[in-house]
Number of protein chains: 2
Amino acid sequence: MAKVYSEKRSRLVSAAVDLAYQNGFGATSLAEIAREAEVPLGNVFYYFKTKDEIGEAIVERRLEQLSAQRQRWAEAGSPKNRLCACVQGVFANKDYLAQSGCAVGTFCSELHKAGGSVAARATEIFAEHLAWIESQFWALGKGSDSRGLAVHLLSALQGVSVLAHAFHDPALVVTETDRLKSWIQSL
Amino acid sequence: MAKVYSEKRSRLVSAAVDLAYQNGFGATSLAEIAREAEVPLGNVFYYFKTKDEIGEAIVERRLEQLSAQRQRWAEAGSPKNRLCACVQGVFANKDYLAQSGCAVGTFCSELHKAGGSVAARATEIFAEHLAWIESQFWALGKGSDSRGLAVHLLSALQGVSVLAHAFHDPALVVTETDRLKSWIQSL
DNA sequence: GTCTATACCGAGATAGAC
DNA sequence: GTCTATCTCGGTATAGAC
């Protein structure tokens with residue numbers, strides 16, 4: 001499925017993913033990406049015609065990562081446990097969240113303000129994630145409430161990421177994910 | 001309390017607030033702000049030594065706005081009604097949220113990635129807001145749980161703003177604020 | 001395919017006339 | 001205090017040698 005790209009291109013994408021996450025996509029220059037990936041600046045344009053194309057590559061990479069995570073969560077026995085595994089994934093990420101926020105949420109927010117075609121593509125990451133969460137609630141027998149419950153859960157996770165980022169405090173993630181896990185078990 | 005500034009300075013701040021909200025602070029140029037405020041570009045530097053100072057002015061403006069809102073919410077009779085008034089404020093804002101996300105959340109996220117001294121100041125907006133929400137839960141008799149409940153409520157509001165922004169869908173705000181108002185009344 | 005050199009533009013910021 | 005003209009730097013992107 002995932003296309004095979006050259007080693008250098010892969011390094012460039014990895015560098016772009018990291019730098020855009022830490023400093024923002026707009027604030028990250030091609031020169032920085034090239035340096036981090038140990039590729040000469042001019043060479044970048046052999047792999048990507050524009051900076052926007054790098055943005056798209058970042059989205060693809062994130063989609064792959066999330067897809068892999070969902071496969072792991074799916075291994076949990078019950079829908080409740082799968083949802084808890086998802087919440088646990090956020091918990092495990094708490095230190096990064098406190099430092100740079102949610103990789104998907106902050107990226108989406110930035111791109112949608114900047115405008116351009118990558119924004120819509122970035123939203124697909126959320127769409128896939130939301131659909132997966134909804135399907136778990138559905139399996140739990142929540143029927144037509146499933147969508148609203150999925151929005152509620154993903155909202156809580158996104159929101160606490162925003163707060164943890166603003167306060168640089170992983171403890172907020174700890175208490176909120178605890179609360180959410182209890183809530184899931186109580187359903 | 002609030003210092004009195006010149007008419008032109010005020011126009012510049014208003015323009016900066018709007019443009020930074022719509023397009024992001026980093027992506028907004030001083031030339032755009034000057035044009036929107038109908039002030040010559042060179043003149044901007046009479047009022048602000050650097051672009052960072054404009055960022056600080058944006059924060060001050062937001063702090064004033066939120067403070068005014070809280071005074072209105074405080075007029076509601078009970079703590080529960082005050083919290084609902086706060087949630088209702090988000091609801092009333094749903095179309096802007098769907099277009100550009102939460103003004104405070106997106107601004108904070110961006111500034112914390114960019115680094116610099118304004119970021120910490122921007123976090124104070126959240127800190128004040130969170131403290132106010134916590135005080136309402138305290139008045140409700142929630143004691144030491146108040147902090148966690150405040151984080152939970154503000155997280156939900158921030159999170160749904162992120163999702164509504166990503167999907168450009170105000171309906172998400174409608175369903176989630178409904179859910180939160182019911183939750184508050186059930187406490 | 002890979003890399004160097006550089007074009008070109010728009011950004012923030014400054015100088016100084018009025 | 002106000003505005004025009006301009007400087008400088010760093011950004012994306014390109015041209016073309018190897």
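The structure presented is a predicted model; accordingly, all values stated were derived computationally and were not measured. Naming convention: chains lettered A, B, ... in sequence-line order (proteins, then strands); numbering from 1 in each chain.
- The shortest side-chain heavy-atom distance between R179(A) and W183(A) does not fall under the 4.5 Å cut-off.
- A side-chain donor-acceptor contact under 3.5 Å links T123(A) and H112(A).
- Contacts of residues 39-50 of chain A with DNA chain C (heavy atom under 4.0 Å): P40(A), G42(A), N43(A), Y46(A), Y47(A).
- Here chain B contacts DNA chain C (any atom closer than 4.0 Å to a heavy atom, that is under 4.0 Å), and the contacts span dA11(C) to dT14(C) from 5' to 3'.
- Within residues 21-30 of chain A, no residue approaches DNA chain C, by heavy-atom distance under 4.0 Å.
- Salt bridge K142(B)/E134(B): absent, no basic N to carboxylate O contact under 4.0 Å.
- Between the side chain of S109(B) and the backbone N or O of T106(B) there is no donor-acceptor pair closer than 3.5 Å.
- Of the N and O atoms on the side chains of Q65(B) and R62(B), at least one donor lies less than 3.5 Å from an acceptor on the other residue.
- Atom CD1 of I33(A) and atom P of dG10(D) are 18 Å apart (whole Å).
- One finds the SG atom of C108(A) at 13.0 Å from the NZ atom of K113(A) (value rounded to the nearest 0.5 Å).
- Between the side chain of K51(B) and the backbone N or O of F25(B), at least one donor-acceptor pair lies under 3.5 Å.
- Side-chain contact between C102(B) and Q158(B) is present, with at least one heavy-atom pair separated by less than 4.5 Å.
- Using a 4.5 Å cut-off on side-chain heavy atoms (C-beta onward), S161(A) and E176(A) make no contact.
- Contact check for V160(A) versus L180(A): no side-chain heavy atoms found under the 4.5 Å cut-off.
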